[in-house]
Amino acid sequence: MLASDQDRLNCFMHGLKRRNPHQPEFHQAVYEVALDVIPYIRDHPIYDRHRILERLTEPDRIVIFRVNWEDDQGNFRANRGYRVQQSNAIGPYKGGIRFHKQVSLDTLKFLAFEQTFKNGLTGLPMGGAKGGSDFNPKGKSEGEVMRFCQRFMAVLAHHIGPNTDVPAGDIGVGSREVSYMFGQYKHMVNQFTGAITGKGLSFGGSLIRTEATGYGAVYLLDNMLRHHGDGLENKTVLVSGSGNVAQYTVEKLIELGARVISMSDSSGTIHDPAGITTERLAWLKELKNVRRGRVQAYADEFKVAYYPGKRPWQIPCEIAIPCATQNEINTEDARTLLNNGCLAVVEGANMPTIQEGVDLYLEAGILYGPSKAANAGGVAISGLEMTQNSMRLSWSREELDRRLQGIMADIHRQCVKHGQEGKRVNYRKGANIAGFLRVADALVACGNI
Ligand code: GLU
């Protein structure tokens with residue numbers, strides 16, 4: 001990086017940190033974009049004149065609200081709800097809702113910022129947003145989850161709508177929670193519209209939505225490998241997490257002939273060296289989605305190793321796909337992966353590698369698929385759920401899978417176009433510049449509003 005760009009970056013980050021104190025995840029997400037965008041802006045001063053980076057790092061608005069609900073013992077409880085409406089430059093605000101005990105404004109600002117670029121990369125008309133609550137769904141009864149979702153939506157409903165802001169799921173929010181929220185929204189506005197995505201199939205949901213994030217990550221990985229004269233067949237893969245993204249990442253990897261040897265949850269990691277089979281994956285899905293159990297039960301059932309309190313990264317592999325949560329790969333983990341000969345890291349979760357770890361991947365020259373490109377398949381099918389709702393019809397599984405593959409191939413093309421560095425492709429740079437341009441050009445065209 002040129003010294004003048006470095007000065008500009010330092011100065012920009014200094015101002016951002018001053019305006020947004022105590023928000024390290026937001027700082028990290030912005031820094032990783034600014035690293036690539038600041039040198040680009042130097043050569044394309046129109047974006048500087050319009051202060052695009054400054055405008056994009058200030059959310060359009062943030063709604064923060066109290067959510068009162070009643071637990072099964074009749075106690076009154078209070079949690080905090082949020083919606084960060086980051087940018088509607090290219091379409092209605094769009095992004096998931098996260099329920100997790102650690103949800104804070106910092107986390108949701110980083111996620112809304114990332115979402116804006118990710119949604120831009122899909123080529124679909126969706127702005128960026130994120131919402132959530134510090135409500136902890138673990139151990140809550142069905143009734144408690146339903147009542148919380150209803151009370152959360154009772155407030156949020158005033159700020160969303162099919163042409164305004166379209167939420168969806170994220171960590172702690174699956175089809176059960178989306179459906180309760182949709183029910184509450186419909187009840188309040190007396191309209192059946194596509195104001196939320198990830199709905200059940202019988203009431204406006206889309207086929208492939210559940211699978212899309214995981215499938216999409218594997219499609220991007222497949223494009224990356226093939227672009228470099230390699231393929232997925234027989235590759236040894238580490239996957240972290242065991243939720244929606246992880247499950248369908250593993251499913252597609254098995255289908256394409258890779259050997260997946262790990263999955264995990266917040267308590268530990270299972271190591272199945274022969275490779276997780278379709279039958280074992282079906283068992284794990286039932287464990288996680290129906291019985292809501294822990295992955296340790298998989299190790300007990302199939303007599304494989306279980307590493308309590310550990311993440312998978314110390315196990316030697318050729319490919320790593322983190323699908324759990326932000327910053328789950330630290331510098332030490334990244335170094336271990338590289339020392340063990342890992343040749344590709346593709347991110348199913350949002351920002352799962354800390355920034356120094358990403359630097360190590362890029363220095364080592366391995367294939368690195370950043371989350372805003374790699375996990376865009378989920379929101380892409382959400383975008384197509386909105387399209388189907390507007391048309392009042394449903395596309396087939398084949399049609400949607402074909403479109404998903406097309407969108408992931410197009411994201412790969414954009415990354416190559418903007419990230420080519422000599423013989424190598426810097427996918428981080430490619431995704432950052434391509435996502436930035438999609439939103440920036442719209443901001444320039446619409447004027448200073
Ligand atoms: N929460 C998902 C994401 O991080 C999906 C968002 C959506 O479908 O709107 O992209």
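Residues take their numbers from the sequence shown, with the count starting at 1. Just so it is clear, the structure is predicted and the values come from calculations on it, not from any experiment. First listed ligand is number 1; within each ligand, the first listed atom is number 1.
Within 6.0 Å of atom CZ in Arg392, 12 or fewer heavy atoms from other residues, nucleotides or ligands are found, so the atom counts as exposed in its surroundings. For NZ of Lys285, the number of neighbouring non-hydrogen atoms (other residues, nucleotides, ligands) closer than 6.0 Å is greater than 12. No more than 12 heavy-atom neighbours from other residues, nucleotides or ligands sit within 6.0 angstrom of CZ on Arg151. Atom NE2 of His187 sits in a sparse spot, with 12 or fewer heavy atoms from other residues, nucleotides or ligands closer than 6.0 Å.
Shown in contact with Asn350 at under 4.0 Å from a heavy atom are these atoms of ligand 1, numbered in order with element: 4 (O). Taking a cut-off of under 4.0 Å to the non-hydrogen atoms of Gly95, the atoms of ligand 1 that pass are 9 (O). Residue Gln115 has at least one heavy-atom neighbour below 4.0 Å for each of these atoms of ligand 1: 3 (C), 4 (O), 6 (C), 10 (O). Less than 4.0 angstrom separates some heavy atom of Lys94 from each of these atoms of ligand 1: 7 (C), 8 (O), 9 (O).
Classification of Arg311 and Glu328 as a salt-bridged pair fails, no side-chain N sitting under 4.0 Å from a carboxylate O. Between Glu398 and Arg402 there is no salt bridge, since none of the side-chain N atoms of the basic residue sits less than 4.0 Å from a carboxylate O of the acidic one. Note on Glu32 versus Arg428: no salt bridge recorded, every NZ/NE/NH1/NH2 to OD/OE distance being 4.0 Å or above.
For atom 5 (C) of ligand 1, the closest heavy atom belonging to the protein is Arg209 NH2, 3.4 Å. In this structure, the protein non-hydrogen atom closest to atom 8 (O) of ligand 1 is Ser382 OG, 2.6 Å. The shortest contact between atom 6 (C) of ligand 1 and any protein heavy atom is with Gly96 N, 3.6 Å. Looking at atom 10 (O) of ligand 1, its nearest protein heavy atom turns out to be Lys118 NZ, 2.8 Å.
Distances shorter than 4.0 angstrom occur between a heavy atom of Gly169 and an atom of ligand 1.
Between Lys130 and ligand 1, a contact under 3.5 Å exists for at least one N or O pair. Ligand 1 has no nitrogen or oxygen under 3.5 angstrom from a nitrogen or oxygen of Pro167.
Annotation: cation-pi pair Arg209/Trp395 absent, no NZ/CZ under 6.0 Å from the ring centroid and within 45° of its normal.
The nearest non-hydrogen atom to atom 7 (C) of ligand 1, considering only Gly378, Ala380, Gly132, Ala168, comes from Ala168.
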